[in-house]
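I have placed the structure first, in the form of structure tokens, so that the comments after it can refer back to it.
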Amino acid sequence: MSYNVELPSEHSLKLLAPQKSKESVLLPMRELAAGKRALAEEKSKKKPRFLPAGQTTQMIVGASPEADGQILRLSQAMYRKFSLKRVYFSAYIPVVKHSLLPDKTAGLLREHRLYQADWLMRFYGFSAEEIAGEGENLPEEYDPKCAWALRHMELFPVEINRAPLEMLLRVPGIGTVGAYKIIKARKFAALGFGDLAKMRVVLKRAKHFITCGGKFYGAENETAVKTLLALEARGERYEQLSLFSEENALSIPSPSAAERGNGANERYSLLSTAANAESARTGQL
Amino acid sequence: MNVYLTDGTPACFYTAVFSACTDKDCIVTPARDFQIPLGAALIEVVADTEKSARVQKKLRAIDGGAIREISLILRRGCAEREMTALEYIRLLVERKAPVRDMLSHPAVLEARDAIKKVTGEAHNFTGFLRFMEGENGVFYAPFSPDNDILELILPHFLRRLATQPFVIHDVARRKAALYNTRDCVIADTDERVSVALSEYEQGFQNLWKEYYRSVNIAQRPHEKQMKGYMPVRYWKFMPEKQGDTK
């Protein structure tokens, strides 16, 4: 069940969605969470099912000026207080021109980084304070886990055969499955670099942060590591297409533009007709 | 070097394991047509219930879940499955404890991969399998999986089509599961089986082929992607793909 928080702060909510109030969203979420907790404590055999799939929420990212750090702190608080299943982030895409709304889209990369940070909070034991400062945005060129590891290089490299689970989860490139595999396997035999490769732990990034039986296979110094990881990120970079030219903001492409789109063109450019311009001004689709 | 020739069934395999477990450098295989290594002794293994029961009892005492894992490995549709299972059993007997967490050991890794392939294909076929309506109202589903998964997908369809008689036919292995809403039986079938389809089914297949053809965009052929989603070896049971060579 989803009660959409819509915007990351009360101020933005009042500005952009004045018919919704903070209480109208948070109060039902609190009640549902309390109801679920009460039912969990009940010990009878024939319990009715109450909200079996859990609660979720969604917010729009980029329509208002809040930084990623604030968004992550809000998500963390909601996870803790309301036992949410998930928080969904939706990148803002401008459809209508308005003085209160930004002209440009927030970008899918920002949404992707927020989801990566969300995963870190839910599955890797990170807290929002560790991932980003209050007024900070998440870095573009590294994913949040890499960025954290590069900021805390004094903790690395970790010894695969001795490190606790919490530290293994913090190594970039070792996910939840990889960490559990390592924990299980190392009880029986000391793990070497080749063993990790056979177990299908992805070592491309992890090798800069781990030692196997004391041996290190990563780059020589910190700057080399930074360059290698940033280069990799460039390979995965999303190309942000622009659906809108400067003159108008209508979403329906005309047939000739679609034809031009067949083939090698990656950018749409919409014809600016009188009808489109009129719709953009009045906000009617 | 001994070569134990089994007949492919689990009972025969466990009988072979009785001797092969301690026999270093041996090969256990159901195949009859391979290069016999120099100086090898061929041993034809006949299923012996007593020996097989003793082996299984010993394995169950070491690890409760091992028998199920080995039966999954034996369902694998490749030539080395008996050897994979044998190595796993050897490791179990050596350690006298469950070994499924020894992920750096090659025998365990191979066993895990085999199990993953078998259970993965079974999971896929609970979604892929298509039924055709026969003239007598029985649903008929032919398929040819890489691994022997008929018994693994059967419970799903017994629950799903509880009030509908159906036949699921593993064409390559020539066995079929027959269900008549009361009992389910697994039987061997002939080499070629032809089924008369009902009129509704014939009409529906034509409709489906027409739909597939009309929805297709000829200017955007994504052959490689298509084959990645639905491997070519499964196309022979899809009516919309009949007549396609690409």
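The figures here come from the full heavy-atom set of this structure, side chains too, leaving out hydrogens, waters and symmetry mates. Lettering follows sequence order; numbering is per chain, from 1.
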Give the interface residues of residues 178-189 of chain A toward chain B, defined by a heavy-atom separation under 4.5 Å. Lys181(A), Lys184(A), Ala185(A), Phe188(A), Ala189(A)
Neighbourhood of chain B inside residues 149-160 of chain A, taking heavy atoms under 4.5 Å as contact: none
Tell me, please, which residues at least two apart from Thr56(A) pass side-chain contact (heavy atoms from CB on, under 4.5 Å). Ser2(A), Lys85(A), Arg86(A), Tyr88(A)
Crowded around Phe50(A) CZ? As in, over 12 foreign heavy atoms under 6.0 Å? yes
Can you tell me if NZ on Lys198(A) sees more than 12 non-hydrogen neighbours from other groups inside 6.0 Å? yes
Does CZ belonging to Arg162(A) count more than 12 external heavy atoms closer than 6.0 Å? no
Neighbour count above 12 (heavy atom, 6.0 Å) for Arg173(B) CZ: yes
Report, in residue-number order, which members of residues 85-119 of chain B are under 4.5 Å from chain A by heavy-atom distance. Arg95(B), Asp101(B), Met102(B), Leu103(B), Ser104(B), Pro106(B), Leu109(B), Arg112(B), Asp113(B)
Heavy atoms of other groups near Arg233(B) CZ, more than 12 under 6.0 Å: yes
